[in-house]
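For clarity, every value in this text was computed on a predicted model and none was experimentally measured.
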Amino acid sequence: MPVMAVETGTDEREALLACWEKQREALRRAAGGLTDEQARSTPSASELSLAALLTHAVRGEPAWIPVLRGEGGDWTDRDGEAEFRPPAGQSVGDLLREHRRVGEQVARAVRELPGGLDREVPMPVTPWGPPEEPRSVRWILLHLIAEAARHAGHADLVRESLDGATALELREEARV
């Protein structure tokens, strides 16, 4: 079975959202079944934990909704490092539920956008990029996919360092 299956006849917007969700599922799968202590641990050379990766997605993805709507934004006060710090007392289960909720919220906003994916919107002002020039809705969706895939890859390495479970094994277990 392919890693990313998109229904035949799906329009481009739905295909991009499906691709994004597949990458987001991989991140959740890497954190699934772990204790809070395991999810917060940093067993690899990286300082990232699975809880940190989930926290980053939960905090970062919704910030794109106003951008997609054409409202731009000012992100210069965002603390990129703090976005990876899981809140004290928030369980891995809480983070997984919040990750699902945020994904549904962003997907709904994308589906409700007027016009096509070529529509350009102003980008937020940030200290790290992307450039402040307008980008297409398609570009933003591809950026979300790339970010989700990058963090899913990080999650795979963290999980395998933690307990030896590989992405393929976790995917197979999820199918059962």
Side-chain angles (χ1 to χ4, degrees), residues 1-65 68 78-111 128 138-176:
M1 176 175 191
V3 171
M4 181 189 65
V6 177
E7 293 293 322
T8 304
T10 300
D11 70 10
E12 184 182 13
R13 188 179 311 225
E14 288 301 320
L16 291 171
L17 286 171
C19 182
W20 179 58
E21 183 53 32
K22 288 291 180 189
Q23 300 307 315
R24 296 177 84 258
E25 285 173 5
L27 172 56
R28 287 193 304 272
R29 200 169 32 248
L34 297 178
T35 66
D36 294 341
E37 182 180 349
Q38 289 171 314
R40 289 174 180 271
S41 69
T42 55
S44 68
S46 171
E47 293 180 19
L48 294 173
S49 69
L50 293 166
L53 291 165
L54 285 165
T55 299
H56 173 62
V58 163
R59 291 179 176 161
E61 291 171 345
W64 286 100
I65 293 173
L68 287 161
R78 282 176 60 180
D79 182 345
E81 289 182 30
E83 285 193 11
F84 284 90
R85 274 187 232 119
Q90 192 168 32
S91 72
V92 67
D94 294 338
L95 285 168
L96 290 167
R97 281 186 292 282
E98 185 68 4
H99 189 257
R100 282 187 190 88
R101 188 193 65 74
V102 162
E104 291 166 3
Q105 178 186 21
V106 173
R108 186 172 38 259
V110 168
R111 288 183 180 106
W128 60 83
R138 179 182 294 105
W139 185 93
I140 294 169
L141 291 175
L142 291 170
H143 175 73
L144 285 169
I145 292 166
E147 282 291 301
R150 179 180 178 148
H151 296 316
H154 289 134
D156 290 342
L157 290 171
V158 171
R159 177 63 187 256
E160 191 169 353
S161 296
L162 181 65
D163 66 2
T166 67
L168 183 58
E169 293 167 347
L170 293 170
R171 196 172 85 216
E172 289 299 319
E173 286 176 20
R175 282 193 216 160
V176 176

Where do [X] and [Y] come nearest, in terms of heavy atoms and distance?
X: Leu96; Y: Ala31; answer: CD2-CB, 4.1 Å
X: Ser49; Y: Ala52; answer: OG-N, 2.9 Å
X: Asp94; Y: Gly89; answer: OD2-O, 4.4 Å
X: Ala152; Y: Ala26; answer: CB-CB, 3.8 Å
X: Leu48; Y: Thr42; answer: O-CG2, 3.7 Å
X: Ala155; Y: Leu27; answer: CB-CD1, 3.5 Å

With rounding to the nearest 0.5 Å, note down the distance linking [atom1] in [X] to [atom2] in [Y].
X: Arg29; Y: Arg171; atom1: CZ; atom2: CZ; answer: 6.5 Å
X: Leu17; Y: Lys22; atom1: CG; atom2: NZ; answer: 13.0 Å
X: Ile65; Y: Ile140; atom1: CD1; atom2: CD1; answer: 12.0 Å
X: Glu25; Y: Leu170; atom1: CD; atom2: CG; answer: 13.5 Å
X: Arg40; Y: Thr55; atom1: CZ; atom2: OG1; answer: 7.0 Å
X: Leu50; Y: His154; atom1: CG; atom2: NE2; answer: 11.5 Å

### Query
Any salt bridge (charged side-chain N to carboxylate O under 4.0 Å, His left out) pairs touching residues 149-159, not counting sequence neighbours?
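Every salt bridge (charged side-chain N to carboxylate O under 4.0 Å, His left out) pair that includes a residue of residues 149-159, provided the two are not neighbours, is Arg159-Asp163.
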### Query
Can you list every salt bridge (charged side-chain N to carboxylate O under 4.0 Å, His left out) pair that touches residues 80-91, not counting sequence neighbours?
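As it turns out, the salt bridge (charged side-chain N to carboxylate O under 4.0 Å, His left out) pairs with a partner in residues 80-91, which skip direct neighbours, are Arg78-Glu83.
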Is there side-chain contact between [X] and [Y], with heavy atoms separated by less than 4.5 Å?
X: Pro86; Y: Leu54; result: no
X: Val110; Y: Leu144; result: no
X: Glu147; Y: Gln23; result: no

### Message
Show me the pairs that pass ring pair (Phe, Tyr, Trp, His ring centres under 6.0 Å) and involve residues 31-56, at least two apart or across chains.
### Response
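Of all non-adjacent pairs touching residues 31-56, those that pass ring pair (Phe, Tyr, Trp, His ring centres under 6.0 Å) are His56-Phe84, His56-His151.
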### Message
So that I can tick it off, tell me whether Glu21 and Arg28 are bridged by a salt bridge, with the cut-off set at under 4.0 angstrom between side-chain N and carboxylate O.
### Response
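Answer for the salt bridge query: yes.
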### Message
Can a donor-acceptor pair be found, under 3.5 Å and without considering hydrogens, that links the side chain of Gln38 to the backbone of Thr35?
### Response
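Judged by distance alone, yes, a pair lies under 3.5 Å.
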### Message
Looking at Ser44 and Ser46, would you say the former's side chain and the latter's main chain have a donor-acceptor pair under 3.5 Å?
### Response
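Such a contact is found between Ser44 side chain and Ser46 backbone.
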